[in-house]
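See structure below.
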Amino acid sequence: MKAAVIVFPGSNCDRDLAVAIREVSGRDPTMVWHGDSELPARLDLIAIPGGFSYGDYLRAGAMAARSRVMRAVVEAAGKGVPVLGVCNGFQVLTEAGLLPGALMRNAGLSFVCRTVGLRVENSQSIFTNSFAAGSDIVLPVAHHDGNYQADAATLERIEGEGRVALRYTGEVNGSANAIAGLLNDSGNVLGMMPHPERALEPAHGNCDGRRLFEGLLEAVA
Amino acid sequence: MKARVFVTLKPGVLDPQGRAIHHALEGLGFDGIEGVRAGKLIELELAEGTSDGDIEAMCRKLLANTVIENFTIERVAPRPGSGQA
């Protein structure tokens, strides 16, 4: 799997994501700096990491979404290259217009940092094909702005199209319809607040995150 | 010239920060508060001749997320004699 991890000033999960990709695929991803205008050719995956890009100035993900490299990411996504955004990466994807809606301050106002239960609502996507539909998994979350909101028509559309890939099984951050992971309309872009790269081996508590990367590898390689 | 951009959450969008401010004000003993919405004020120092269309484009492309936020633009006229914009 030929992968790239995008690195913004303030990203802090870029190396964890790179380790996860290397562990599962046996190949180091290319780390691409936000000021670069080109991505490596023929990528199988573009990963946008968690963190606090640009210090969350203005809105979480707002500045990163307008960075030079994101023009190349948007173009690649349009051509069908798989794009995975985790946590701040999800916020960047909504700000860049690759996913609908917005991620707002958690309803309880607190930073939430714990392991949460998730239901795999869509197991047909390239990101979730290693899970059974409707199965429950657990992954860590760590965010302050994970409260997914969209207008009623958008929520109805994404639910109807089966684009909610992951849903919280309990209250976490106030997200509309408890949405934790969302696909774009062609299914090659996934934004998710939970961190699969932090659940890679037994020492992490569980390996549900590894299964996501394994399924992705199988789908794209 | 100077312009002020006010970015506010759209009506109906839940504002947890506004709600927390509301509760804090009530905790300080202020009665009669019927609602609080928090927003942002962005002050722009602009070259003379910057058009309304340019400022609106800045709002749409970056300053506001129009999925959840509205914006209003106010041009600030220099006060005569103050020497300040």
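If you're wondering where the values come from, they're calculated on a predicted model, not measured in any experiment. The chains referred to below are lettered A, B, ... by the order of the sequence lines, with proteins before strands, and numbering in each begins at 1.
Counting non-hydrogen atoms of other residues, nucleotides and ligands closer than 6.0 Å to CZ of A:Arg42 gives a total of 12 or fewer. The number of heavy-atom neighbours closer than 6.0 Å to CZ of A:Arg15, taken from other residues, nucleotides and ligands shown, is 12 or below. Within a 6.0 Å sphere centred on CD of A:Gln124, heavy atoms belonging to other residues, nucleotides or ligands number 12 at most. Counting non-hydrogen atoms of neighbouring residues, nucleotides and ligands closer than 6.0 angstrom, the CD atom of A:Glu161 exceeds 12 such neighbours. Atom CZ of A:Arg68 has 12 or fewer neighbouring heavy atoms from other residues, nucleotides or ligands inside a 6.0 Å radius. Shown here is A:Phe111, whose CZ atom has more than 12 heavy atoms of other residues, nucleotides or ligands within 6.0 Å.
Of the inter-residue distances, the one linking A:Arg59 atom CZ with B:Leu62 atom CG reads 6.0 Å to the nearest 0.5 angstrom. Atom CE of residue A:Met104 and atom CD of residue B:Glu69 lie 7.5 Å apart, to the nearest 0.5 angstrom. From A:Arg105, atom CZ reaches atom CG of B:Asp15 across 10.5 Å, with rounding to the nearest 0.5 Å.
When all heavy atoms are compared, the tightest approach of B:Pro16 to A:Ala107 is CB-O, 3.7 Å. Between B:Ile42 and A:Leu58 the shortest heavy-atom distance is CD1-CD1, 4.0 Å.
Contacts between A:Arg66 and chain B at a heavy-atom distance below 4.5 Å involve the side chain alone, from C-beta outward. Using a 4.5 Å cut-off between heavy atoms, B:Val7 makes no contact with chain A at all. Heavy-atom distances place the side chain of A:Leu109, and not its backbone, under 4.5 Å from chain B.
Residues A:Asp151 and B:Lys10 are not in side-chain contact: their nearest non-hydrogen atoms beyond the backbone lie 4.5 Å or more apart.
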